[in-house]
Amino acid sequence: MPALPDKHRSFIEWYLEVLELAQLTDKRYPVKGMNVWTPYGFLARRQLDRILIEEIEATGSKPVEFPTLIPQTEFQKEKEHIKGFDAQVYWVTRGGATELDIPLVLRPTSETAMYPMFALWIRSHQDLPLNVYQIVNTFRYETKTTRPFLRVREIHFFEEHTCQVDEGHATARVESNLGAFARMARRLGLPYLAVRRPEWDKFAGAFYSIALDAPVSGAQTIQLGSIHHYRENFSGPYNIRYEGPDGTSRLVHQTTFGLSERLLGALVAVHGDGKGIVFPPEVAPYQVVIVPIPSKMGPDPRPWTEELAGRLRGRGLRVEIDASEDRPGAKYYRWEARGAPLRLEIGGRESAEQSATAVDRLGTKVPIGPVGIEDRILGLLGEFDRRLYAAAEERFRASYATAATLEELTGSEKVRLIAWCGEEACGHDVERAIDGALLGTIVGDPPLPLGAPGPCVACRRSGGTVWAVAGRPL
RNA sequence: GGGACUGUGGGGUAGCUUGGUCCAUCCUUCGGGGUUCGGGACUCCGAGACGCCAGUUCGAAUCUGGCCAGUCCCA
């Protein structure tokens, strides 16, 4: 059987082959950057969405859904925003044979769809805060190489948009989003670092942008999502105003929080190994896969397999029985490639005593049952999740190293923590040296214990420097 | 926008330099039969491809031109 390419030596080849092997997506659709959601990929995505919905709604956000098409006239109201997205929008210019008077854009993101409506919805301070989110498809005409889940032209996009009474409340919403993301990321088993993007790399139209980056392999990172503070940058052009308790009219301060199917790509990239995907139980399309092992001699394992599956489903687990004609070994390889957290093997022996042999995706094999078998399986899944996260955290910490000079950045096999004076010119020196990006300045706790920052890695100026992160975003 | 490279069954490939031995190689995949089943089974039968359009030639997967698609590098 063909072995997978080495994950660390040739990450992208490994990544693409794993997706193929696991049948998580079908990238043969004849439009660049638009891939098909297969049943297995769709089931994983649904779990992902469920987690995002649960966590964001727990912070008081409500679901909405805005139209896919945006009139050019609305799209153009915020200058920086258009500059940032103009090169990447798809245009709808005709309806049937009729040229449209006002061309429509396929939303690349939904600020310009939502904000004219927000202006109608918000009248008084009693309408605030407005916290809404939607999960929809957005379209961006990416010019760089597209990759399934990581860079696509039709994006499965989670976006929260909020309106707050003032800058302080908007800042508090950013903090709240950081907390919500921390909970989401833990459920996905994804360690990450929150950084404030440099001015030249912030979201088009934002006051500032916080990115959530996960290290993947060497100095490579994946942006898992972003949180933006808009201040009044959009509420001005869109005239989103409210009347305060004192009767004065004020502009709202806005924030957004965006995530996408990149999270799925990141799950594959961060947890995957030489055998394929490793899904945390929360996201796994099937948390338990049962492999019956028939034999001419001994009892037929199928009745016990069916009964156990039913009992586990009764406890809320997602269970699949692999009843295909393949031999047991072939099934083991298949479900390892597809990342099932727990496999139960049931042959004549287990069937006779109503037990099972459990093997988790990290390779731990134990006999279980017959007494308390459902509880034992739930326990094994919980333990698996903890070990998976602990292993990911360990790799996370090992992904970072400090660098005191530009020379150390060249060809770096780690994501680098550097002292930076904040000057854009120095930032670009850093980017050239590492052949990547200055990802931003650290928000919250650093991944390594760091002392006070030394002189700027580029200009050597002492004093007034901050810790920043440099890597190669995928 | 500039440059380089690459297009062969569902996936991966050999063949291309030097045209004929190719109604196209091998692995995998898929459909059917049989024996099997505790780590990728064996066997028999069957299915499936030269990106598109021209040209050169007795003859093109192979050479030439155009187009389309993709990949990488540079701006």
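By convention in this document, chain letters (A, B, ...) are assigned in the order of the sequence lines, proteins followed by strands, and residues within each chain are numbered from 1.
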What does [N] pair with, Watson-Crick or G-U, if both distances are under 3.5 Å?
{"N": "G19(B)", "value": "none"}
{"N": "C63(B)", "value": "G55(B)"}
{"N": "C68(B)", "value": "G7(B)"}
{"N": "A41(B)", "value": "U35(B)"}

[X] [atom1] - [N] [atom2] separation (whole Å):
{"X": "Asp326(A)", "N": "U28(B)", "atom1": "CG", "atom2": "P", "answer": "14 Å"}
{"X": "Leu16(A)", "N": "G70(B)", "atom1": "CG", "atom2": "P", "answer": "15 Å"}
{"X": "Asp26(A)", "N": "U29(B)", "atom1": "CG", "atom2": "P", "answer": "17 Å"}
{"X": "Arg334(A)", "N": "U28(B)", "atom1": "CZ", "atom2": "P", "answer": "16 Å"}
{"X": "Lys275(A)", "N": "G40(B)", "atom1": "NZ", "atom2": "C1'", "answer": "12 Å"}
{"X": "Met34(A)", "N": "A69(B)", "atom1": "CE", "atom2": "C1'", "answer": "16 Å"}

Quantified in whole Å, what is the [atom1] atom distance between nucleotide [N] and nucleotide [M]?
{"N": "G32(B)", "M": "U71(B)", "atom1": "C1'", "value": "40 Å"}
{"N": "U29(B)", "M": "G9(B)", "atom1": "C1'", "value": "10 Å"}
{"N": "U8(B)", "M": "C45(B)", "atom1": "P", "value": "30 Å"}
{"N": "C50(B)", "M": "G7(B)", "atom1": "C1'", "value": "10 Å"}
{"N": "C26(B)", "M": "A49(B)", "atom1": "C1'", "value": "14 Å"}
{"N": "C42(B)", "M": "C37(B)", "atom1": "P", "value": "15 Å"}
{"N": "G31(B)", "M": "G19(B)", "atom1": "P", "value": "42 Å"}
{"N": "C30(B)", "M": "G12(B)", "atom1": "C1'", "value": "16 Å"}

Would you check if Tyr333(A) stacks with the base of G40(B), given a 5.5 Å centroid limit and a 30° plane limit, both strict?
yes
Closest of C37(B), G70(B), G38(B) to the Pro294(A) side chain is C37(B)
Salt-bridge contact Glu74(A)-Lys77(A) (side-chain N to carboxylate O under 4.0 Å):
yes
Give a yes or no on whether a salt bridge exists between Glu142(A) and Lys32(A), defined as a side-chain N under 4.0 angstrom from a carboxylate O.
no
Take atom [atom1] in [X]; do more than 12 heavy atoms of anything else shown fall under 6.0 Å from it?
{"X": "Tyr29(A)", "atom1": "OH", "value": "no"}
{"X": "Arg460(A)", "atom1": "CZ", "value": "yes"}
{"X": "Tyr40(A)", "atom1": "OH", "value": "yes"}

Backbone N or O of His81(A) within a donor-acceptor pair of the Glu78(A) side chain at under 3.5 Å?
yes
Within the distance-only criterion (no hydrogens, no angle test), does the side chain of Arg318(A) pair as donor or acceptor with the backbone N or O of Ala284(A) below 3.5 angstrom?
yes
Would you kindly compare Gly347(A) and Val31(A) by the position of their nearest RNA chain B nucleotide and give the one closer to the 5′ end?
Gly347(A)
Between Lys296(A) and U36(B), is there a side-chain N or O to OP1/OP2 distance below 4.0 Å?
yes
Base, sugar-phosphate, or nothing: which does Arg343(A) touch, judged by heavy atoms less than 4.0 Å apart?
base
Donor-acceptor side-chain pairing of Gln223(A) and Arg197(A) below 3.5 angstrom:
yes
Could Arg140(A) and Phe85(A) be counted as a cation-pi pair, given that NZ or CZ must be under 6.0 Å from the ring centre and within 45° of the axis?
no
Show each protein N/O and nucleotides 2-13 of chain B N/O combination with a separation under 3.5 Å, one pair to a line.
residue	atom	partner	partner atom	Å
G10(B)	O3'	Arg28(A)	NH1	3.2
G10(B)	O2'	Arg28(A)	NH1	2.1

Between protein and nucleic acid, restricted to nucleotides 41-43 of chain B and to nitrogen or oxygen atoms under 3.5 Å apart, what atom pairs and distances do you find?
residue	atom	partner	partner atom	Å
A41(B)	O4'	Arg327(A)	NH1	3.4

Got a sec, which pairs hit side chain to side chain donor-acceptor pair (under 3.5 Å) with one end in residues 354-380 of chain A, sequence neighbours left out?
Asp273(A)-Arg361(A), Arg311(A)-Glu374(A), Arg315(A)-Asp375(A), Glu350(A)-Thr357(A), Glu353(A)-Ser355(A), Asp360(A)-Arg387(A), Thr364(A)-Arg387(A)
Locate the shortest heavy-atom distance separating Ala437(A) from Ile434(A); write the atom from each residue and the value.
N-CG2, 4.1 Å
Ignoring hydrogens and angles, answer whether the base of G38(B) and the side-chain atoms of Glu350(A) contain a donor-acceptor pair closer than 3.5 Å.
yes
